[in-house]
2 protein chains.
Amino acid sequence: MKVTIKHIAELTGVSIATVSKVINHKDEKISHQTRDRVLEVIKEQGYIPNRVASSMVTKRTKTLGLMIPDITNPFFPELARGVEDGANEMGYTLILCNSDNDLQKEESYLEMLQEKMVDGIIFTASSRRTTMSPAFLRLNIPVVSVDREIEGLKLEGKITVDNEKGAFEAVCYLLDQGYRKIYHISGPLLSKTAKDRYAGFLRAHKEKGILPIEDHLIEGNYTSILGYEHTIGLIENHVDFDSLFCGNDLIALGAYKALHEKNIRIPEDIGIIGFDDIYMAEIVSPGLTTVRQPSYIMGYKAAEMILDLIKHKDGIQKEWVLETKLMVRGSTK
Amino acid sequence: MKVTIKHIAELTGVSIATVSKVINHKDEKISHQTRDRVLEVIKEQGYIPNRVASSMVTKRTKTLGLMIPDITNPFFPELARGVEDGANEMGYTLILCNSDNDLQKEESYLEMLQEKMVDGIIFTASSRRTTMSPAFLRLNIPVVSVDREIEGLKLEGKITVDNEKGAFEAVCYLLDQGYRKIYHISGPLLSKTAKDRYAGFLRAHKEKGILPIEDHLIEGNYTSILGYEHTIGLIENHVDFDSLFCGNDLIALGAYKALHEKNIRIPEDIGIIGFDDIYMAEIVSPGLTTVRQPSYIMGYKAAEMILDLIKHKDGIQKEWVLETKLMVRGSTK
DNA sequence: TATACTTAGTTAAACGTTTACTTAGATGGG
DNA sequence: CCCATCTAAGTAAACGTTTAACTAAGTATA
């Protein structure tokens with residue numbers, strides 16, 4: 001049978017309240033002798049506190065929910081790691097939810113998390129989500145969104161990156177290097193992220209006076225498969241392009257594959273810029289020039305912020321727009 | 001204030017037991033009318049059951065712990081996805097723990113998981129773990145180990161891959177293709193996984209009568225950094241080698257980088273084989289020949305197995321040794 | 001008509017903690 | 001010596017469920 005606080009109390013010859021107090025370091029009013037005796041019995045019995053019982057009364061589970069589209073997408077492990085490290089430092093634990101960009105799955109996970117009484121949720125919205133469901137709005141725990149934002153919704157906290165500016169700088173760089181026929185393979189355009197990156201792409205052209213480029217947009221879905229296929233498409237249709245600004249690195253790596261297959265050189269024939277700076281961007285040859293997102297930091301900050309919200313700290317900054325950084329490597333000349 | 005089963009009972013005019021029964025579909029003995037009325041009130045009030053409270057009495061949290069070294073290592077997201085999908089199908093939820101191959105962190109997570117009363121733990125041991133701590137042995141919930149096993153320990157369940165055979169086949173393939181000077185950059189050799197792969201490497205040479213190769217082993221740590229550095233080392237020390245059998249794909253990709261930098265062609269000058277078949281193996285150019293591990297399936301099976309163990313199903317298979325598969329791509333001739 | 005059985009519930013204990021409140025005894029001040 | 005204060009505990013309610021045991025009313029059986 002499992003040993004409980006009650007057993008410890010009996011064995012030590014004190015009340016359970018006393019045991020509870022020493023466990024929780026509320027022991028200013030406990031004498032050294034009793035405290036040491038309790039501690040000794042706890043150790044000898046291998047007592048492990050039952051946190052579900054204490055959650056019952058404290059109404060805190062010390063658990064956070066992390067909802068992301070897919071941990072298998074290389075952008076997310078870093079972010080998840082950041083969240084986990086931040087949470088862990090404060091003694092919190094993380095429930096992982098992969099929504100697969102599926103709104104229904106997202107909803108059902110959201111409900112599960114509420115049932116499990118998590119103290120807060122860190123949320124990277126499905127790229128298909130454009131609005132909030134009633135279930136979401138009914139949520140009475142803090143939520144902070146990371147990376148992707150939902151237009152028109154006020155969440156408690158928000159951590160994003162300046163996607164428009166990041167894209168703008170990347171495309172400016174391409175233009176400055178002399179590339180003139182840039183195509184953009186984007187993510188799904190109903191997500192704000194993809195829209196913002198496209199907006200940066202447009203503004204760069206506008207400011208540099210390079211036009212028209214209306215048909216230089218190809219909508220993808222952030223996967224390397226579509227990156228590959230769209231690039232193959234461009235080549236086989238003899239489209240005249242000299243560079244690719246990809247909505248993320250996965251798309252860019254798909255493009256790499258297509259170009260390699262067609263024996264087109266990077267960056268001599270075609271320049272490529274990605275977005276995210278996933279782990280592989282550096283490993284691949286040539287190294288992928290890309291817009292770095294501080295994904296680990298985003299996760300870490302999200303954890304910090306949600307913990308502050310949970311503790312009702314005030315005066316905290318509830319919105320962070322982090323800076324991107326252009327990482328110039330070998331895929332651009 | 002949060003709405004509880006008690007409110008629902010009052011509003012409907014029945015006892016809380018009745019409400020509980022309809023919630024849990026133990027309603028054979030409940031009339032249609034009351035059931036519908038209860039359901040209606042539940043909906044209208046937006047009632048969400050408090051699973052912490054029910055865990056208290058059922059002694060089930062419907063939560064699993066997943067302990068892995070690092071979700072940031074591309075091998076693990078797939079595995080984690082498999083676990084999550086398996087767990088989710090049965091209404092279970094996953095607590096993610098990254099041990100960083102740090103025994104102390106592993107211990108403290110283990111304790112946390114016990115405190116949170118998870119119903120079972122899926123465990124990929126730290127590569128540094130060679131023995132089980134008392135905390136681990138005290139565990140009174142099912143544990144299944146995936147991928148890495150701990151020598152001399154009997155866990156309830158075990159899911160592995162035949163690493164020796166996978167390595168054997170890979171190295172045989174290299175030898176069959178005419179490669180004769182194969183170096184092996186391994187993982188940390190105190191892990192059984194790394195040892196087994198090395199054993200396969202040795203056996204292949206033995207069976208093909210190619211010897212001696214005692215000094216063809218370089219110990220790495222499963223990171224691309226060491227893969228890169230060791231390869232650079234080989235080249236700069238003018239070691240005579242014609243191919244690399246890498247302990248995992250990350251090492252192999254590090255080697256890619258080194259070889260590209262030194263303008264050495266793959267596979268013409270140097271052939272490379274990796275292990276795992278991570279996502280990138282296919283994307284990279286040339287495609288990486290590698291030993292595929294069914295990581296998603298391993299995770300999924302682990303989830304299945306632990307759920308069976310939790311339910312005390314008997315007659316279940318408690319040990320799976322899955323097959324690897326050599327994926328021949330462009331990095332070998 | 002008495003008895004047994006069925007139906008549709010209700011009652012109350014239990015799960016393992018935390019915590020506000022109480023208490024018994026010791027100490028100190030006037 | 002009496003009252004107030006302090007110290008080191010103990011008491012018991014509460015958290016929101018589940019579930020075994022009970023019950024009251026109706027129905028079928030002999």
Side-chain angles (χ1 to χ4, degrees), chain A residues 1-39 41-42 45-63 91 112 114-119 140-141, chain B residues 1-39 41-42 45-63 91 112 114-119 140-141:
Chain A
M1 247 235 332
K2 234 174 149 135
V3 22
T4 71
I5 211 176
K6 205 171 157 192
H7 296 121
I8 304 296
E10 277 167 13
L11 287 169
T12 321
V14 297
S15 72
I16 59 169
T18 303
V19 177
S20 173
K21 280 171 196 159
V22 351
I23 289 170
N24 296 292
H25 306 289
K26 309 223 164 177
D27 47 2
E28 323 85 42
K29 302 246 158 142
I30 305 288
S31 73
H32 275 237
Q33 303 129 60
T34 30
R35 197 188 40 154
D36 291 349
R37 254 173 45 235
V38 169
L39 254 19
V41 176
I42 282 177
Q45 295 290 314
Y47 165 73
I48 290 182
N50 181 333
R51 296 298 172 200
V52 357
S54 50
S55 291
M56 184 91 256
V57 8
T58 60
K59 287 160 172 334
R60 285 282 167 86
T61 53
K62 291 222 161 204
T63 302
M112 247 189 171
Q114 279 184 274
E115 294 186 356
K116 298 231 165 144
M117 303 280 133
V118 299
D119 297 337
N140 55 350
I141 47 173
Chain B
M1 244 234 337
K2 241 185 139 132
V3 20
T4 70
I5 212 178
K6 205 170 157 192
H7 295 121
I8 303 297
E10 277 166 13
L11 287 169
T12 321
V14 298
S15 72
I16 59 170
T18 304
V19 177
S20 173
K21 281 172 194 157
V22 352
I23 290 170
N24 296 293
H25 304 109
K26 310 224 161 174
D27 48 1
E28 323 86 42
K29 303 248 157 140
I30 306 288
S31 74
H32 275 239
Q33 302 129 62
T34 30
R35 196 188 40 154
D36 290 350
R37 258 174 42 237
V38 169
L39 254 19
V41 176
I42 282 178
Q45 295 291 315
Y47 166 73
I48 290 182
N50 181 333
R51 297 296 173 202
V52 171
S54 50
S55 292
M56 184 90 255
V57 8
T58 60
K59 287 157 171 338
R60 284 282 168 87
T61 53
K62 289 222 163 204
T63 302
M112 250 189 167
Q114 280 184 273
E115 293 186 358
K116 298 230 164 140
M117 302 280 134
V118 298
D119 296 338
N140 54 350
I141 48 175

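We name chains A, B, ... by the order of the sequence lines, and we start the count at 1 in each one.
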Atom pair CD1/CD1 of A:Ile16 and A:Ile8 - distance to nearest 0.5 Å
12.0 Å

Distance-only donor-acceptor check, side chains B:Thr61 and B:Lys116, under 3.5 Å:
no

With no hydrogens and no angle check, is any side-chain donor or acceptor of B:Thr34 less than 3.5 Å from a backbone partner on B:Ile30?
no

Could you encode protein contacts along nucleotides 9-16 of chain D as a string, one character per nucleotide from 5' to 3', using B for base contact, S for sugar-phosphate-only contact and - for no contact, with a heavy-atom cut-off of under 4.0 Å?
SBB---BB

Tell me: NZ of A:Lys62 to P of C:dT18, nearest whole Å?
12 Å

Could you check how far CD1 of B:Ile48 sits from C1' of D:dT17, rounded to whole Å?
16 Å

Within this structure, what is the CZ-to-C1' distance between A:Arg37 and D:dA8, rounded to whole angstrom?
12 Å

Could you tell me whether a side-chain N or O of A:Asn24 sits under 3.5 Å from a main-chain N or O of A:Lys26, the two making a donor and an acceptor?
no

Within a radius of less than 6.0 Å around NZ of B:Lys6, do more than 12 heavy atoms belonging to other residues, nucleotides or ligands occur?
no

Starting at atom CD of B:Glu115, determine the distance to atom C1' of C:dT17, rounded to an integer number of angstrom.
13 Å

Going by the salt bridge (Lys or Arg N to Asp or Glu O under 4.0 Å) test, which pairs reach into residues 51-61 of chain B, not counting sequence neighbours?
A:Glu115-B:Arg51

Roughly, in whole Å, what's the span from CD1 in B:Ile23 to P in D:dT17?
7 Å

Rounded to the nearest Å, what distance is computed from the CD1 atom of residue A:Ile8 to the P atom of nucleotide C:dT18?
13 Å

